[in-house]
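So the structure is just underneath, and the comments pick up after that.
Proteins get letters first, then strands, A, B, ... in listed order; numbering begins at 1 in each. No experiment lies behind these values; they were computed from the predicted model shown.
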There are 2 protein chains.
Amino acid sequence: MEDTFESACKHGENIKKFQSEYNEETIVGMANILKILGEPSRMKIVLALSYGELCVFHIVEAVKSNQSAVSHQLRILKDNHIIKSRRDGQNIVYYLYDDHIMKILNLVKEHVEE
Amino acid sequence: MEDTFESACKHGENIKKFQSEYNEETIVGMANILKILGEPSRMKIVLALSYGELCVFHIVEAVKSNQSAVSHQLRILKDNHIIKSRRDGQNIVYYLYDDHIMKILNLVKEHVEE
DNA sequence: TGTAGATATGAACAAATATTCATATATCGG
DNA sequence: CCGATATATGAATATTTGTTCATATCTACA
């Protein structure tokens with residue numbers, strides 16, 4: 001924050017480009033969605049749902065967790081518009097909100113697998 | 001974990017596909033990189049560097065933070081191979097490790113901006 | 001309508017993590 | 001070599017967050 005100081009290196013011109021392209025709101029939004037996905041249990045849920053909708057019991061089975069933990073994570077994913085749900089008899093079926101998320105995750109998978 | 005129970009819904013076939021395509025290591029790796037990027041201050045640093053290398057002072061300026069906080073985040077980004085650094089006189093210049101990360105972030109930006 | 005199955009919720013707890021403050025290290029110019 | 005600039009590091013703190021446990025809600029069905 002100390003703007004009275006002038007650094008010796010001369011690479012600062014690009015800062016303005018960055019700041020005009022990305023406002024705080026955009027950055028926080030971008031970070032938020034990655035934070036939501038950046039958790040193994042939630043990541044598993046999303047990846048499992050990418051093969052088709054699942055009821056809670058099957059999600060629990062797929063991600064090898066327990067009902068309560070999964071339910072809490074489903075809520076977070078739903079609140080952040082990554083998944084949606086519908087009732088099907090006694091079950092609540094979850095499915096991906098759109099396929100944009102999977103485009104991102106496919107790139108991430110490529111990146112991890114080098 | 002209770003595998004004695006059989007759910008009424010019939011959408012479980014896809015679970016095997018998911019589990020064979022993604023092993024634990026891949027998922028944790030994917031989640032980890034998103035967790036690293038899923039933080040506004042680190043996200044800002046990476047986005048700022050996408051316009052070209054910057055020394056620490058200019059990064060501090062770009063992300064409107066302070067030297068110590070930035071330095072800690074730079075370490076995390078470096079340890080996770082998202083950025084690299086080189087010395088240039090008194091300065092340490094940081095730059096992106098590769099352009100794969102920006103492909104991901106460009107998709108994320110699209111997603112956030114709808 | 002009462003019971004069992006399916007899912008959600010809330011509080012409590014523990015673990016992870018971002019920030020701050022103080023200080024250490026490293027480089028350069030004189 | 002010394003002082004100033006530039007960056008890194010470590011400890012302490014405070015906040016966030018994931019999980020667990022217990023319980024509540026809602027639906028189907030007998």
**Message:** Between B/Asn91 and D/dT7, is there a contact of a side-chain N or O with OP1 or OP2 at under 4.0 Å?
**Reply:** yes

**Message:** Whole angstroms only, please: what is the NZ-P distance between A/Lys84 and C/dT7?
**Reply:** 19 Å

**Message:** Can you measure B/Arg42 atom CZ to C/dA18 atom P for me and round it to whole angstrom units?
**Reply:** 4 Å

**Message:** Please report the distance, rounded to the nearest Å, between CD in A/Gln90 and P in C/dA4.
**Reply:** 13 Å

**Message:** Between C/dT19 and B/His72, is there a base-stacking contact, meaning the centre of the base's six-membered ring lies under 5.5 Å from the residue's ring centre while the planes stay under 30° apart?
**Reply:** no

**Request:** Mind checking B/Ile76 for me? I need base, sugar-phosphate or nothing, with any heavy atom below 4.0 Å counting as a touch.
**Result:** sugar-phosphate

**Request:** Ignoring backbone atoms, test whether A/Gln73 places a side-chain nitrogen or oxygen under 4.0 Å from the OP1 or OP2 oxygen of D/dT19.
**Result:** yes

**Request:** Return no unless some side-chain N or O of B/Arg75 is found under 4.0 Å from OP1 or OP2 of D/dT9.
**Result:** yes

**Prompt:** Can any side-chain N or O of B/Ser71 pair as donor or acceptor with the backbone N or O of B/Gln67 at less than 3.5 Å?
**Reply:** no

**Complete:** Whole-Å distance, B/Lys78 NZ to D/dT7 C1', equals 11 Å

**Request:** Looking only at side-chain atoms of B/Asn66, point me to the closest of C/dT20, C/dT7, D/dT7.
**Result:** C/dT20

**Request:** Provide, to the nearest angstrom, the distance between the CZ atom belonging to A/Phe57 and the P atom belonging to C/dA4.
**Result:** 19 Å

**Prompt:** Between A/Arg87 (CZ) and D/dC26 (C1'), how many Å, whole number?
**Reply:** 6 Å

**Asked** Would you call the rings of B/Tyr51 and A/Phe18 parallel, tilted or perpendicular, where under 30° means parallel and over 60° means perpendicular?
**Response** tilted

**Request:** Run the salt-bridge test on A/Lys109 and A/Glu113 with the 4.0 Å N-O cut-off and return the result as yes or no.
**Result:** yes

**Fill in**
Atom CD of B/Gln67 and atom P of D/dT7 are separated, to the nearest Å, by 8 Å

**Asked** Is any side-chain heavy atom of A/Leu37 less than 4.5 Å from a side-chain heavy atom of A/Arg42?
**Response** no

**Request:** For C/dT19, take OP1 and OP2 only and decide whether either is under 4.0 Å from a side-chain N or O of B/Ser65.
**Result:** no

**Item:** Salt bridge A/Lys44-B/Glu24, side-chain N to carboxylate O under 4.0 Å
**Value:** yes

**Request:** Calculate the interatomic distance between B/Lys35 atom NZ and D/dT16 atom C1'; express it in whole Å.
**Result:** 13 Å

**Asked** Which nucleotide in the set C/dT7, D/dA11, D/dA22 lies at the smallest distance from any side-chain heavy atom of A/Ser68?
**Response** D/dA22

**Fill in**
A/Val56 has its side chain closest, among C/dT20, C/dG10, C/dT7, to C/dT7

